[in-house]
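Before any comments, here is the structure.
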Number of protein chains: 2
Amino acid sequence: MPPKPKTEQEREQLRTLIIDNARDLFVSKGIEAVTMREIAKRIGYSATSIYLHFADKEAVLRAICDTDFLKLATTLKEILSIEDPVARMVAFGEGYAKFALAFPNHYRLMFMTPHLPYSQEQSDLQRNNAEQDAYFQLKMVVHDVYAAGGFKSELHDAELIAQTIWAAIHGVCALQIIMAQDDWVEWRPIDTRLSMMQQLMLSGLLKEKNE
Amino acid sequence: MPPKPKTEQEREQLRTLIIDNARDLFVSKGIEAVTMREIAKRIGYSATSIYLHFADKEAVLRAICDTDFLKLATTLKEILSIEDPVARMVAFGEGYAKFALAFPNHYRLMFMTPHLPYSQEQSDLQRNNAEQDAYFQLKMVVHDVYAAGGFKSELHDAELIAQTIWAAIHGVCALQIIMAQDDWVEWRPIDTRLSMMQQLMLSGLLKEKNE
DNA sequence: GATGTTAACTTAACAATGTTAATTTTATTT
DNA sequence: AAATAAAATTAACATTGTTAAGTTAACATC
């Protein structure tokens, strides 16, 4: 109800309020419940008020993505403190999968839904920041194994390895999220599939003991 | 314009006409152009006529999926004639990826979009049919390598292997389709990533030569 | 202190879309 | 020729994203 001026802090608070409630709608009522009017109802404003803070619905979704990217990176950060490089890499994969399967709607929005390309301006996230960029974290983790001489001698491109590991874990999680309840396939338990994939990756990537 | 009765064959032709034009819209104008009215315009009928043949839009999309599943299986079928089991498995993965990347919109609809669980009645596709069921084909391909003693001796679950291979290839393709144009990641060329993944799978799954 | 200005917000309204109801058209049957 | 019913269309509704047109109230200015 209060009209006149608004501090930058207050505007930021409102933005956050919008994003948080939109994220809530995801989790509690599913992705199709995220309408501008529904978000507005939650925060006690009219739907059009959202347009005072976001250009359009896509912008709201992108902001949610940003929040989730940050949350993912924050979640994974503590794994980085594991000492052994290989154990760290394994735990990183497990942590990533755990996040994906715990928040499937968010994961779908983040990594399974087409968005306009991110532009540096629109996002507050800092690339190549170990606190905020989960992909950068993965690169570091993989690079550390590489630096420790853990990979097979013919493997030289740590970034390629990182992208392949990501794809491997993503593949298991993405199929699980989309197709788990489809009985066309006699799915093995998701934990089994995940550890099988990890196993394969390790056995394909890591140096043999006698090498 | 012709009204009265309609043979079963004619009804089937109309169904097919609807599906084909809806698929066309995907490819030419993108996924958001697939509206009931747009489909109708294409086939020269009114939008509501589609409801005489399909329960709702979801049903149209599911029918498109079915067509695409069949097309995928048909595409992959010729690979099954490759003699060497391992070469066949490799080619199968390549063929699958080729399909995914050639028809990203279809692939997204098939494997990256949530649908209601398939029920045997709604679909004409025959499960466990080597001509129509690409997953069954994959199972066979993997099983043949298993039967030929190609896998490491500790691997016993061919279906789990099949699901893991699927996830691996799917992961690479899915990330490519969604995130390729995102410059957050310095993507290696897609061919490089695909063959890296195949390499890793093979080296993790296949028996060593000296074993 | 009245008046005007402007940010913040709301209500009206529009266009697009999925979908249903009512209506029209017309081939076949009687 | 009239009746019937399938096939199709037009009208119409609800929902949604979004824009345009008001409305409200804090502040500045006279």
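Just so it is clear, the values below take in all heavy atoms, side chains as well, and ignore hydrogens, waters and symmetry mates. Every chain is numbered from 1, with letters handed out A, B, ... down the list of sequences.
With D:dT18, D:dA7, D:dA8 as the choices, the nucleotide that has an atom nearest any side-chain atom of B:Arg11 turns out to be D:dA7.
Computed from coordinates, the B:Glu10 CD to C:dA27 P distance equals 13 Å when rounded to whole Å. Look at CG on A:Asp56: it is 9 Å from C1' on D:dG17, rounded to the nearest Å. Separating the CD atom of A:Glu38 from the C1' atom of D:dT18 is a distance of 17 Å, rounded to the nearest angstrom. Summarising the geometry, the separation between CZ on A:Arg37 and C1' on D:dT18 is reported as 9 Å, rounded to the nearest angstrom. The distance from atom CD of A:Glu58 to atom P of D:dT16 is 18 Å, rounded to the nearest whole Å. As rounded to whole Å, 10 Å separates atom P of D:dT18 from atom CD1 of A:Ile50. The separation between B:Ile43 atom CD1 and D:dA7 atom C1' is 13 Å, rounded to whole Å. Rounding to whole angstrom units, CD of residue B:Gln13 and P of D:dA7 are separated by 14 Å.
Between A:Trp166 and A:Phe111, the gap from one ring centroid to the other is short of 6.0 Å. Ring centroid separation for the pair A:His170 and A:Tyr107 comes in under the 6.0 Å cut-off. Separation of the A:Tyr135 and A:Phe69 ring centroids does not fall under the 6.0 Å cut-off.
When side chains are defined from C-beta on, A:Arg42 does not count as touching A:Ile18, because their heavy atoms never get closer than 4.5 Å.
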Exercise for the section: Decide side chain to side chain contact (heavy atoms under 4.5 Å, CB included) for A:Ile79 and A:Gln137; before the verdict, give the C-alpha distance in whole Å, the side-chain angles of both, and the deciding distance to 0.1 Å. Expected result: CA-CA 10 Å; A:Ile79 291 174; A:Gln137 293 175 334; over 6 Å; no
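Residue B:Val60 is out of contact with every strand shown, counting any heavy-atom pair closer than 4.0 Å.
Applying the ring-ring contact (aromatic ring centres under 6.0 Å, His included) criterion to B:Phe99, with sequence neighbours excluded, gives B:Phe103.
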Anything under 3.5 Å between a protein N or O and an N or O of nucleotides 10-12 of chain C, put it in a table, one pair a line.
from: C:dT10; atom 1: OP2; to: A:Ser46; atom 2: N; distance (Å): 2.9
from: C:dT10; atom 1: OP2; to: A:Ser46; atom 2: OG; distance (Å): 2.8
from: C:dT10; atom 1: OP2; to: A:Ser49; atom 2: OG; distance (Å): 2.4
from: C:dT11; atom 1: O4; to: A:Thr48; atom 2: OG1; distance (Å): 3.0

